[in-house]
Amino acid sequence: MMSSCGSDPTELPAAKSPRLTGPTTIDSLGEDILLEIFLHLPSLATLVRAALTCRSWRRAVSSSPAFRRRFRELHRAPLLGLVAEPQRDALPAFAPAQPEDRDVLAAIRGGDFALTELLDPQGYAADVPLHWHIQDCRDGYVLLANWNAGLLAAVNPLARYSTEYIDMPVSFSFDKERTDVPVAADWHLLSSDEDPMSFQLVWLLYCKSKVQAVVFSSDTGDWFFHPWVDIKERALSNDADRHWLQSGMRSNDTLYWAFTNLEHMLKLDTATMEFSVSVLPPYLKGQQGWRFVVGETKDGALCIVFCMLWGIFVLMNRTDDDGVERWVLCSVNSEADANPPPDNIDTLQAISIVDGFVYLVTSEMVLALCLEAMKLEKLFPRSFRACHFHPYIMAWPASLVGNYGSFALIQDGVDNV
């Protein structure tokens with residue numbers, strides 16, 4: 001006989017009531033999973049649109065330097081177009097890229113690439129003549145100099161009403177006949193994706209055999225004049241040209257100016273503000289009239305790219321097992337790789353190296369060379385004539401780094417998530 005407190009082993013257990021669980025939504029995901037999903041977005045432009053959907057998503061991206069570093073490693077920052085040196089009494093022109101990514105196209109449409117803020121009748125530069133010249137185009141900024149007004153402008157076309165105007169630190173005569181007046185070289189902008197609201201400007205002055213770096217800090221609003229430095233390689237040169245340096249270039253944290261005689265190259269380490277001089281590679285040394293660009297590969301190695309006839313030549317700086325640095329020459333047959341029109345044979349020129357990609361133009365086409373794969377691709381047709389071009393690469397927006405702008409979290413105890 002079974003006990004009253006027992007149970008009949010032949011009876012089926014009573015069915016359990018189903019547990020009521022809500023659907024899994026993206027809002028219920030933790031930050032780690034959310035950021036892992038974000039890593040699979042196709043471009044920086046798509047990430048920006050997604051991350052700015054709500055404060056919690058923005059905070060997930062802006063508070064994680066590790067995520068931003070991984071995203072940059074996986075996704076090439078999109079080229080939005082080319083900024084070209086303006087004609088007289090005009091603003092710089094912009095040739096948009098023709099992206100297949102709709103979010104990249106939306107970023108182009110939403111930017112003020114006509115730089116209309118420089119025309120604002122109520123603005124700081126309202127009465128300034130339109131004699132702006134491009135000095136640098138990097139990290140989302142277009143840096144312009146107006147010698148007539150003694151004024152610089154740092155413009156971010158993707159961040160409207162954020163133009164910063166900076167007075168030039170000195171004014172002096174640029175009489176070409178005078179030899180006792182320093183020559184003013186170009187200006188360069190230094191900034192970081194991890195601190196996009198802050199930047200420095202570096203200006204080079206030089207005379208007979210001396211150089212001087214002048215630095216502006218946006219944090220303090222002040223200019224600092226570093227001491228003059230003697231350049232012995234220049235002092236020993238027989239070249240009497242007063243303008244003995246070419247336009248500057250940047251690779252990583254170093255600025256480079258080639259001597260006009262193409263014998264040496266002046267270097268400025270922007271971390272220490274120390275000058276040094278190196279001998280140009282034998283492939284370039286003394287080759288008058290050649291144009292080349294300096295930059296870095298994706299892994300940060302120094303390289304030099306130049307074009308001759310219809311060939312693209314890449315000089316890679318390598319260190320042997322014995323610790324000796326050597327230049328290794330690689331060549332790319334552009335005609336075979338990109339099949340450009342044969343009438344462009346004399347117009348191929350490299351204009352810039354950014355994040356392991358060399359940007360080039362012909363009379364009809366804009367191209368890019370991936371230094372890692374040594375593969376050349378056509379980007380979009382060249383739509384206008386100009387002597388100098390600057391690729392505009394989409395930069396990481398300030399709203400997705402730290403605690404900037406209208407998306408900033410309230411710090412007085414109220415959580416705006």
Side-chain angles (χ1 to χ4, degrees), residues 85 134-136 176 179 182-188 202-213 229-252 254-270 274-297 301-319 324-332 334 345-354 358-362 369 371 387-390:
E85 182 72 12
I134 302 173
Q135 300 295 301
D136 204 354
K176 294 182 179 181
T179 59
V183 176
D186 41 11
W187 311 73
H188 294 269
V202 178
W203 187 29
L204 181 73
L205 300 177
Y206 64 96
C207 55
K208 297 177 181 178
S209 60
K210 295 182 178 182
V211 294
Q212 181 184 39
V229 177
D230 290 307
I231 304 299
K232 65 177 182 180
E233 289 81 2
R234 168 59 184 175
L236 297 174
S237 172
N238 293 324
D239 182 7
D241 188 359
R242 177 170 173 252
H243 297 81
W244 52 275
L245 289 176
Q246 295 185 359
S247 298
M249 298 163 282
R250 176 182 169 189
S251 175
N252 297 318
T254 305
L255 296 174
Y256 298 86
W257 294 268
F259 285 28
T260 53
N261 60 14
L262 291 185
E263 296 289 334
H264 297 85
M265 189 154 57
L266 177 70
K267 301 188 294 184
L268 175 63
D269 185 334
T270 60
E274 294 183 355
F275 285 102
S276 60
V277 175
S278 62
V279 177
L280 277 173
Y283 307 96
L284 296 173
K285 194 173 181 180
Q287 298 293 337
Q288 297 294 328
W290 281 21
R291 298 180 60 182
F292 62 89
V293 291
V294 177
E296 68 278 347
T297 62
L302 180 66
C303 65
I304 297 175
V305 177
F306 62 95
C307 302
M308 184 172 61
L309 295 179
W310 199 233
I312 303 172
F313 298 88
V314 181
L315 289 165
M316 296 285 191
N317 190 253
R318 305 294 190 192
T319 302
V324 178
E325 289 189 353
R326 304 182 189 279
W327 288 100
V328 178
L329 180 65
C330 307
S331 63
V332 179
S334 59
I345 192 167
D346 294 323
T347 64
L348 179 67
Q349 61 173 309
I351 58 175
S352 184
I353 304 175
V354 183
V358 186
Y359 293 96
L360 308 101
V361 294
T362 71
L369 171 68
L371 290 173
C387 296
H388 301 288
F389 296 92
H390 302 263

>> The test is side-chain contact (heavy atoms from CB on, under 4.5 Å); show your working for Ile304 and Leu284 and say whether it passes.
In response: CA-CA 10 Å; Ile304 297 175; Leu284 296 173; 3.7 Å; yes
> Only one of Val293, Ile353, Ile351 forms a side-chain contact (heavy atoms from CB on, under 4.5 Å) with Tyr359, so which one is it?
Replying inline: Ile351
> At their closest point, which heavy atom of Gly311 faces which heavy atom of Leu348, and how far apart are they?
Replying inline: O-CD2, 4.4 Å
>> How close do Ser251 and Gly295 get, counting heavy atoms only, and between which atoms?
In response: OG-O, 3.0 Å
>> On a heavy-atom basis, which atom in Ala185 and which in Trp257 lie closest, and how many Å separate them?
In response: CB-NE1, 4.4 Å
> Which residue, Met265, Glu263, His264, forms the side-chain contact (heavy atoms from CB on, under 4.5 Å) with Leu280?
Replying inline: Met265
> Do Trp187 and Asp136 pass the side-chain contact (heavy atoms from CB on, under 4.5 Å) test, and can you show the C-alpha distance, the side-chain angles, and the key distance before you say yes or no?
Replying inline: CA-CA 7 Å; Trp187 311 73; Asp136 204 354; over 6 Å; no
> Can you tell me how far CG of Asn252 sits from CD of Glu296, rounded to the nearest 0.5 angstrom?
Replying inline: 4.5 Å
> Which atom pair, heavy atoms only, marks the closest approach of Ala350 to Cys307?
Replying inline: N-SG, 3.8 Å
> So, do Tyr206 and Arg234 sit near enough that their side-chain heavy atoms are less than 4.5 Å apart?
Replying inline: no
> Hey, which of Phe313, Phe292, Tyr283 is the one that makes ring-ring contact (aromatic ring centres under 6.0 Å, His included) with Phe306?
Replying inline: Phe313
> Just how far is it from atom CD of Glu233 to atom OG of Ser276, taken to the nearest 0.5 Å?
Replying inline: 9.0 Å
> So how far is it from Trp327 CH2 to Met316 CE, rounded to the nearest 0.5 Å?
Replying inline: 10.0 Å
> Roughly how far, to the nearest 0.5 Å, is CG of Leu204 from CD of Gln212?
Replying inline: 9.0 Å
> Does the side chain of Phe259 reach to within under 4.5 Å of the side chain of Leu245, using non-hydrogen atoms?
Replying inline: yes
> For the side chain of Asp241 and the backbone of His243, is there at least one donor-acceptor N/O pair under 3.5 Å apart?
Replying inline: yes
> Considering only heavy atoms from C-beta outward, does the side chain of Val358 approach that of Ile312 to under 4.5 Å?
Replying inline: no
>> Check whether Glu325 reaches the backbone of Asn317 with its side chain - one donor and one acceptor, N or O, closer than 3.5 Å.
In response: no
> Measuring from Asp186:CG to Trp203:CH2, what's the distance to the nearest 0.5 Å?
Replying inline: 11.0 Å
> Does some side-chain heavy atom of Val279 sit less than 4.5 Å from a side-chain heavy atom of Lys285?
Replying inline: yes
> Less than 4.5 Å apart, any side-chain heavy atom of Gln246 and any of Leu262?
Replying inline: yes
> For Lys267 and Tyr256, which heavy atoms make the closest approach, and how far apart are they?
Replying inline: CD-CE2, 3.3 Å
> How long is the gap from OG on Ser352 to CZ on Phe389, to the nearest 0.5 Å?
Replying inline: 13.0 Å
